[in-house]
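Working notes, structure below.
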Amino acid sequence: MNTPTKGVPEGEQQVPQENAAAKSTLWELFRSDHPAVVTVLSIFAALVVGAVLIVISDQPTRDAAKYFFSAPGDTFSFGWKAISQAYAALFQGAILDPSALSSGSASKILGPLSETLVAATPLILAGLSVTLAFRVGLFNIGAQGQMLIAAIFSGYIGFAWHLPVVIHLLIAVIGGIVGGALWGGIAGWLKAKTGAHEVITTIMLNYVAIGIINYLLGVHGFQAKPYQNAISPPIDGNARFWLLPFGLGNNLRVNASFIVAILATFFVWWLLTRSTIGFRFRAVGANQNAAKTAGMSISRAYITAMLIVGALAGLAGAAQVLGPNGAVTADADAGMGFDAITVALLGRGSAVGTFWAGLLFGALRAGGVQMLASTSTPQDLVQIIQSLIVLFIAAPGLVRLVFRLRQTDHGGMAVEAKGWNG
Amino acid sequence: MSDMDVLSPEPDAPIPEEVVQHKVIEARVSRGRQIGTGVALVLIGLITVLVLGRSAHSATSIFDFNASGGGSVPKLHLPAQTACLVLGLLIVLAGIYQLIRGFSPRAMKWIGSVAALFFVLSFLAWAGSGGSTVQVGSLLYQSLFLATPLILGAMSGLLCERSGVINVAIEGEMLAAAFAGAFVGTIAGNLWIGVLGAIIVGGLMGAMLAVFSIKFLVNQVVLGVVLNVFALGLTGFLFDGLMANNQNTMNDPGFFGPISIPVLSDIPVIGGLLFNQNIIVYAMYLIVIVIDVALVRTRWGLRTRAVGEHPKAADTVGINVLRLRYHNVIMGGCVAGLAGAFVTIGSVGSFTKNITSGNGFIALAALIFGRWTPRGAVGAALLFGFATALQTVLSLLQTPVPINSNLLGTLPYLATIFAVAGLVGRVRAPAADGEPYVKG
């Protein structure tokens, strides 16, 4: 491929002839719509839009804009200051605060990373749930409900039973898996037996789950004394995920549920690429009719898939309640249900991709907290950035248009959610 | 159009070779369904007789049908226990007849509605037998009020989906518009400009939906979800960043009060209920009627349905499929924008974070529950509104057995699940709903 390609603008073709082959291949890659390029550019574009919003919401910049025509420099300098401070805080909250390095305290240096992992764990687990559903041609909007039911199950086992170490945690986690699988399984069963579209049933099941958890948090026996707040009694110490033994001070909240997330990622990877069940799932997801002709049972695939999908989201719920939260509350899902969809979309239908996407969005979440604290930029910015990243990635045509990329046969998502009749 | 050629077709885009799968919908009622509905009726009847009838206090319940304003009617005194027994037995009888002989599907529709009405009446009688008056008038008024954004949202979805674009983004369109309504209304100091702002912002969200789904062929369900997250984030961000600290100057638009229509509002019961509402509710009446008529009686309606069912055929006879879809999706966004305006300046008069709280999804469910028809969607939305209003009314009553409003609140959602699971008959979306159209 050393001939200049049509899509590359004129000016970019001035490559020295001798190593043109090597250079132009790399350059062409950068100018093509390779998924990695589209992803990076999407993140960049989303951050740019975010920057615009930071400027709008910044009071000094707004004040300066009022005398824009007499001193335009002020607006730009205040605006630039607002953007750089907010994004610097985002970085410091998510990865590393340089000022902590001099303090020498391990918990301060590793604190941001720990927060990132804490936020990423449920995102990865729930994201895997959505990813798996995508590959079977299902759209799981019900991660929220599945997480809540799982939170009820593992939370109840966690505070009401008293079992030895390890066993208690194990049983509480299994409880969460069962709860989530139950809630996902209902949607799968309905889809398989009646054709009820899972988008509608899972959304409705979310509201039912919210009703149930709100009800339970007002019932004596589930609600903690003195029955004033909607919160359960604290989870037994034995049922909590243990903090990871870094031996670096105990201020870090990162806990063993992150290991569960890694294991789950491995499991979903194995399931999708190495197992017979996974092959059936993908076959059903890719082409129902072909799968049916090949003798696979579509309804069994839907039910099994939704059981596993629910179980994964259930793990996310368990990770929240038995991990950092330590008690059941009505917001045990922490809005992860919808974030999980964006994680899965960014992960492009692969388990490993979902893992990295979960880490990225976990970092954004953790950074968002710091951004709010030090620059009072609202955390919702993170949500905007997330949705825009996914929007741009889902529309490679737009990214190609904006950044003038060359169209290749790359791209396209491995995910397909079908219309109501599908 | 030249860049359309470069961009499309997407490598993974479904090729609309066979866009329409022909399915024969049977009108015949299967024996299984006949038994199913019969058993359901008998069960509901038995619950009415045994559970409600037995636990009701023997006092009479008083039903007050008078909503605010309008002519007044005397209060209805209903002996609770007797009412439950009689109405319940009637439901049981209908169920037994259905089991043995079977009603025709057409009659079954009526029987089902009447049975549901009987059950609700007995339930209210039971709830009121504790000695407090059941405010039926205000219950119905509240139902309509709460159903208004749902109806408008469902109409927005209907405009999109009947022309073949799935709209899961109703929630996001409403939320963004609700913010715009409060913000613009306050800045301009004029509610009408606020409504205009809300409609424009709703239309812009609709335009985003249209461009990404029609031009960039993004999967429409995915797109809808992403737009919802975007709207939630954007309004939350702007609320915290701008409004929260400037409530008086940015978030105090006031709200539309009820306007009573001179003669009509004097009709007993109905007058106070239907004709003593605010301007957005009246606009909703108009929109529903226009869509209901236009969809089957006008050229636009025929074309919309054609494009939603079989775009290729529509294209062949010279209808501009993509333009019509752009048109309808943006118009749908504007209608959702009006729903958003209702949420802020139509009722509470200020914006709070996530103020639509899932109403857009309920509107979507109402649309599907109502089988993508205007009348069906309105009926389903009214049902949801009623269920929500019932929670408020019941919490004020001394029911014989306390009812948890959280659990009661899940009823409409459970009903929707049953509905889409086919217990009220199979629902079928417009055949090309969600299929991007690529001219080929």
Side-chain angles (χ1 to χ4, degrees), chain A residues 53-54 56-59 139 141 186 190 193-197 199-201 203-208 210-212 214-215 218 338-339 341-342 345 377-388 390-391 394-398 400-401 407 409-413 415-422, chain B residues 3 6-8 10-14 21 161 166 168 212 215-223 225-230 232-242 245 353 358 361-362 364-365 368 404 406-407 409-410 412-414 416-417 420-422 426-429 431-435:
Chain A
L53 288 167
I54 292 174
I56 292 175
S57 78
D58 185 53
Q59 189 70 45
F139 199 3
I141 307 194
I186 293 176
L190 286 170
K193 297 294 170 194
T194 70
H197 201 276
V199 167
I200 293 300
T201 51
I203 291 176
M204 295 301 127
L205 285 171
N206 283 346
Y207 289 110
V208 176
I210 293 172
I212 292 177
N214 278 325
Y215 163 72
F338 279 91
D339 283 4
I341 298 169
T342 53
L345 290 170
T377 307
Q379 268 175 284
D380 304 77
L381 184 69
V382 167
Q383 216 165 13
I384 302 175
I385 292 175
Q386 280 179 16
S387 63
L388 286 177
V390 175
L391 188 63
L398 178 70
R400 275 200 297 269
L401 207 64
Q407 182 166 14
D409 51 359
H410 288 301
M413 312 246 279
V415 293
E416 271 289 292
K418 300 189 177 84
W420 302 133
N421 292 324
Chain B
D3 47 10
V6 182
L7 292 171
S8 56
E10 287 283 329
D12 272 10
Q21 291 178 347
E161 303 213 354
I166 288 182
V168 186
F212 278 99
K215 184 171 169 63
F216 294 112
L217 308 177
V218 178
N219 183 302
Q220 292 162 12
V221 180
V222 169
L223 177 62
V225 171
V226 170
L227 284 181
N228 288 334
V229 176
F230 175 71
L232 186 64
L234 186 64
T235 54
F237 179 83
L238 293 176
F239 179 78
D240 279 350
L242 288 175
N245 301 322
K353 267 185 162 184
F361 288 115
I362 310 296
L364 180 67
I368 294 174
N404 187 281
N406 285 317
L407 289 185
T410 63
Y413 310 119
L414 288 173
T416 309
I417 293 175
V420 294
R426 189 144 172 73
V427 294
R428 194 190 67 90
D433 205 2
E435 307 272 357

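Letters go in sequence order (proteins before strands), and every chain restarts at 1. Just so it is clear, the values below take in all heavy atoms, side chains as well, and ignore hydrogens, waters and symmetry mates.
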Inset, instruction - Compare every heavy atom of A:Leu53 with every heavy atom of B:Phe237, then report the nearest pair and how far apart it is. - result: CE2-O, 3.3 Å

Inset, instruction - Locate the shortest heavy-atom distance separating A:Asp380 from B:Gly233; write the atom from each residue and the value. - result: CB-O, 3.3 Å

Inset, instruction - Please name the pair of heavy atoms, one in A:Phe139 and one in B:Val222, separated by the smallest distance, quoted to 0.1 Å. - result: CE2-N, 3.9 Å

Inset, instruction - Answer with side chain, backbone, both or neither: which region of B:Val225 has an atom nearer than 4.5 Å to a non-hydrogen atom of chain A? - result: side chain

Legend entry - Test log, rule side chain to side chain contact (heavy atoms under 4.5 Å, CB included), inputs B:Phe216 and A:Leu401: CA-CA 10 Å; B:Phe216 294 112; A:Leu401 207 64; 4.3 Å; yes

Legend entry - Heavy-atom pair of closest approach, residues B:Phe361 and A:Met204: O-CE, 4.3 Å

Legend entry - Residue part contacting chain A, namely of B:Phe212, when any heavy atom lies under 4.5 Å: side chain

Legend entry - Nearest atoms (heavy-atom pairs only) where B:Gly241 meets A:Pro378: N-CG, 3.6 Å

Inset, instruction - Could you please spell out the steps behind the side chain to side chain contact (heavy atoms under 4.5 Å, CB included) verdict for A:Ile200 and B:Leu364? - result: CA-CA 8 Å; A:Ile200 293 300; B:Leu364 180 67; 4.2 Å; yes

Inset, instruction - Sort B:Leu234 into side chain, backbone, both or neither according to what part of it lies under 4.5 angstrom from a heavy atom of chain A. - result: both

Legend entry - Top of A:Thr201, A:Thr342, A:Leu391 for chain B proximity - count of heavy-atom pairs under 4.5 angstrom: A:Leu391

Legend entry - Minimum-distance pair of heavy atoms, taken over all atoms of A:Ala394 and B:Val218: O-CG2, 3.4 Å

